[in-house]
Amino acid sequence: MNRPDIPEAIAAYFDADKRDPEVVARCFTKEAVVKDEGKKHAGRAAIEKWKAAASAKYSYTSEPFAVERSDGAYIVTSRLTGNFPGSPIDLRYAFRLERGKIASLEIKP
């Protein structure tokens with residue numbers, strides 16, 4: 001799939017997601033919040049722990065294929081394919097940026 005034109009911080013998130021939870025956490029502001037699977041993860045340490053747990057539980061790839069702007073957020077739709085129930089699935093990532101970093105991320109089906 002062709003990657004849509006997305007801001008650098010968001011592209012860095014998807015690139016880091018393929019490698020290392022610590023690198024993922026560095027894409028966020030210090031006070032950032034991630035909401036995923038009904039849980040809230042606040043701060044870089046919690047975000048790194050969240051990403052490490054997800055990466056340990058499942059092997060997957062994420063391929064962004066659409067982006068739109070809505071109420072100040074970038075909504076990126078990405079196809080996840082891996083060894084999890086329901087694979088593949090398209091997820092919507094709602095990113096809010098602040099000073100070139102991700103201030104919040106909410107992931108929904």
Side-chain angles (χ1 to χ4, degrees):
M1 285 185 206
N2 292 329
R3 181 173 280 188
D5 187 24
I6 55 179
E8 186 176 324
I10 297 171
Y13 168 84
F14 283 107
D15 288 341
D17 189 38
K18 298 173 186 175
R19 297 184 307 228
D20 184 320
E22 182 181 347
V23 177
V24 168
R26 286 195 303 246
C27 296
F28 291 83
T29 65
K30 290 180 183 178
E31 303 83 24
V33 174
V34 171
K35 294 178 184 176
D36 183 34
E37 296 182 334
K39 296 180 182 159
K40 181 177 171 182
H41 312 276
R44 282 188 187 148
I47 291 168
E48 182 177 346
K49 185 176 176 182
W50 157 74
K51 184 47 71 179
S55 296
K57 190 173 182 180
Y58 300 115
S59 295
Y60 63 90
T61 59
S62 179
E63 292 296 329
F65 64 88
V67 64
E68 62 186 84
R69 292 287 309 260
S70 178
D71 294 327
Y74 290 89
I75 312 300
V76 178
T77 305
S78 185
R79 175 149 304 139
L80 266 70
T81 305
N83 66 341
F84 56 88
S87 176
I89 187 171
D90 292 345
L91 295 179
R92 292 173 53 88
Y93 294 72
F95 292 93
R96 292 195 182 275
L97 302 180
E98 187 177 287
R99 298 180 314 276
K101 297 273 187 178
I102 301 166
S104 69
L105 168 59
E106 186 169 3
I107 304 171
K108 294 181 178 181

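Numbers here simply count residues along the sequence, with the first being 1.
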Tyr58 with Leu91, same ILVMFWY side-chain cluster at under 4.5 Å
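Linked, Tyr58 and Leu91 end up in one cluster.
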
Cluster overlap Val33 with Leu97, hydrophobic side-chain contacts below 4.5 Å:
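They do not share one cluster, since no chain of ILVMFWY contacts under 4.5 Å joins Val33 to Leu97.
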
Quick check against the 3.5 Å criterion: does [X] have a side-chain atom that pairs as donor or acceptor with the backbone of [Y]?
{"X": "Ser55", "Y": "Lys51", "value": "yes"}
{"X": "Thr77", "Y": "Arg92", "value": "no"}
{"X": "Ser70", "Y": "Ala73", "value": "no"}

Any non-hydrogen side-chain atom of [X] less than 4.5 Å from a side-chain atom of [Y]?
{"X": "Tyr74", "Y": "Ile6", "value": "no"}
{"X": "Val23", "Y": "Lys18", "value": "no"}
{"X": "Tyr60", "Y": "Pro88", "value": "no"}

When rounded to the nearest 0.5 angstrom, what distance separates [atom1] in [X] from [atom2] in [Y]?
{"X": "His41", "Y": "Ile47", "atom1": "NE2", "atom2": "CD1", "result": "9.0 Å"}
{"X": "Ser78", "Y": "Ile10", "atom1": "OG", "atom2": "CD1", "result": "12.0 Å"}
{"X": "Thr81", "Y": "Asp90", "atom1": "OG1", "atom2": "CG", "result": "8.5 Å"}
{"X": "Ile89", "Y": "Ser62", "atom1": "CD1", "atom2": "OG", "result": "11.5 Å"}

Over 12 foreign heavy atoms within 6.0 Å of CG, Asn83
yes

Passes side-chain contact (heavy atoms from CB on, under 4.5 Å), Ile75 versus Tyr93? Steps please.
CA-CA 6 Å; Ile75 312 300; Tyr93 294 72; over 6 Å; no

Under 3.5 Å, which donor-acceptor pairs link side chains of residues 99-109 to any protein atom two or more places apart or in another chain?
residue: Lys101; atom: NZ; partner: Arg26; partner atom: O; Å: 2.7

